[in-house]
Amino acid sequence: MKYFESKAIHQQAGKKNDLHSKTTPIYQTSAFSFQDLDDLESFFTDEERYMYTRYGNPNTDQLAKMVASLEEAPEGVATSSGMSAILAGVLAVVKPGDHMLIPEDVYGGTYDLFHQFLTDWNVTVNTAPFNERGAIEAAITDETTLIYTETETNPLLRVEDLKEVIAVAKNHNIAVMVDNTFATPYFVQPMTLGADLVVHSATKYIGGHSDVTVGVLVGTSLWMEKAKKRVIQLGMNVSPFEAWLTVRGLKTLAVRMKQQSDNAASVATYLREQEGVKVYYPMNLSDKGNGAMVSFDLGAGYDIETFFKELQWIKIVPTLAGVETTVSYPLKTSHRSIPKPLQEKLGITEGLVRMSVGLEHSEEVREALQIALSIAKK
Ligand SMILES: *Cc1c(COP(=O)(O)O)cnc(C)c1O
């Protein structure tokens, strides 16, 4: 199939579905049995045979194949979380002694993984302001083997110039890995721009219903062969049931993203009209829309505690991407442990709110915001 919307629905989990069920059943099993030794041997030659769920399972494979297909990648693997997918990808590329380069405003969990774990394994990790021309080039060393970045950053929604980053990396023969969690392949497909590996916290938009913790890594065959080995060796596999739930969510990715981004655009327009509110909503994510995340800084004109208290039905939830509209407070959650000067440099202020716009009617969201803003106004 050719179109994104169609491909998201029609990916099957292998052909050996003897009962012809319409959807893929849940293969909630730790292992698979064999008739005789010839049959056992067939596992090693037939791609559609399975042996042990940590090595592979129809449900986890279906999820990996779906995301790979939507990302235009030859291969993928599903893992237990976004973090394990990131680790599998990084460990496929870097070895002790290597150097890797990341932007300053990378996701907090990723920042910690790189600075508190990889450095213990003798990998040097440097940050650079990726939005400044020449900063990446200047930070590359002879040991640099990986440049890691995100399509859209958290929480200020800076859109990475992926073409530029990939061009610099290719010049130096360095691999590029992109976290595409916020943008999703509906808006941006980093592989088509030349990325080597693309990673998702499928906990977010890929699953879309806030009921699973799961990750997916896709990429070129060269790196995926290594990454898949890491997933097996380190036991980073996701459970069949969680993969199945994620597949169910993924089928509606296109309609969700289209509607949620239309709603977000309308919320961003409303917020821009409010006095003293600074809105961070990208204008240049893709020609299909600009995503469903809206961040805004209430500045000094509103009382932030009152604002959160008066948000009606909109809950404070430190995640994103569900069908419900939610808000989070970066200063006290995701960016809590970052030193104050860096918080200030990154724009993580007391008035900063991150909103994940859901599937409710956007008028409903605007009304809730209007009430909270009018009560919180100083
Ligand atoms: C949530 C998130 C992660 C981590 O994913 P988990 O599923 O929580 O392990 C990584 N990157 C980004 C951009 C995220 O939003």
Side-chain angles (χ1 to χ4, degrees), residues 60 63-64 67 71 76-91 102-118 125 127 130 148-160 162 177-188 190 195 197-218 227 230-231 234-239 242-243 245-246 249-250 253 257 260 280 282 285 291-295 317-322 326-330 333-338 346 348 354-357:
T60 60
L63 173 60
V67 177
E71 286 285 9
V77 67
T79 69
S80 57
S81 67
M83 293 316 303
S84 56
I86 292 169
L87 184 60
V90 169
L91 291 184
I102 64 170
E104 288 175 313
D105 46 359
V106 82
Y107 173 77
T110 307
Y111 188 93
D112 288 349
L113 173 72
F114 292 171
H115 285 95
Q116 294 170 22
F117 174 81
L118 283 180
V125 184
T127 52
F130 276 34
Y148 181 99
T149 189
E150 297 167 347
T151 318
E152 197 185 359
T153 63
N154 175 43
L156 296 191
L157 312 177
R158 176 179 71 82
V159 175
E160 187 65 273
L162 286 180
M177 178 165 167
V178 180
D179 182 332
N180 201 27
T181 300
F182 273 44
T184 82
Y186 180 72
F187 292 115
V188 183
L197 290 160
V198 174
V199 69
H200 281 277
S201 168
T203 312
K204 316 291 167 54
Y205 288 112
I206 298 284
H209 294 74
S210 317
D211 49 11
V212 287
T213 300
V214 55
V216 180
L217 176 74
V218 304
R230 298 291 177 253
V231 171
L234 296 172
M236 294 166 155
N237 54 294
V238 63
S239 86
E242 286 198 89
L245 274 175
T246 311
L250 179 52
L253 181 69
M257 291 322 290
Q260 285 178 239
Y280 298 93
L285 183 63
M293 299 299 298
V294 182
S295 292
V317 187
T319 186
L320 60 127
T326 56
V327 285
S328 74
Y329 191 46
T333 54
S334 53
H335 292 70
R336 194 184 181 101
S337 57
I338 294 180
L346 297 178
I348 315 296
R354 190 190 76 182
M355 177 174 261
S356 170
V357 181

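Order of listing sets the numbers, starting from 1, for every ligand and every atom in it. Position 1 is the first residue of the sequence; numbering continues from there.
Looking at atom 7 (O) of ligand 1, its nearest protein heavy atom turns out to be Thr203 OG1, 2.6 Å. Looking from atom 3 (C) of ligand 1 to the surrounding protein, the closest heavy atom is Tyr107 CE2, 3.4 Å. Of the protein's heavy atoms, Ser201 OG, 3.0 Å lies nearest to atom 5 (O) of ligand 1. Of the protein's non-hydrogen atoms, Lys204 NZ, 2.5 Å is the one closest to atom 2 (C) of ligand 1.
For His209, the ring pair (Phe, Tyr, Trp, His ring centres under 6.0 Å) criterion is met by no residue, not counting sequence neighbours. Under the rule for a salt bridge (charged side-chain N to carboxylate O under 4.0 Å, His left out), Asp179 has no partner lying at least two apart in sequence or in another chain.
Arg354 contributes a side-chain N or O that, together with a main-chain N or O of Thr319, makes up a donor-acceptor pair within less than 3.5 Å. Although no hydrogens or angles enter the test, the distance criterion places no donor-acceptor pair under 3.5 Å between the side chain of Glu150 and the main chain of Glu160. Judged by distance alone, with hydrogens and angles left aside, the side-chain atoms of Ser356 form a donor-acceptor pair with the main-chain N or O of Ala321 at under 3.5 Å.
At least one heavy atom of Asp179 sits less than 4.0 Å from an atom of ligand 1.
For the pair Phe182 and ligand 1, the shortest N or O to N or O distance does not fall below 3.5 Å. The shortest N or O to N or O distance between Ile86 and ligand 1 is not below 3.5 Å.
The aromatic ring centres of Tyr148 and Phe114 sit less than 6.0 Å apart.
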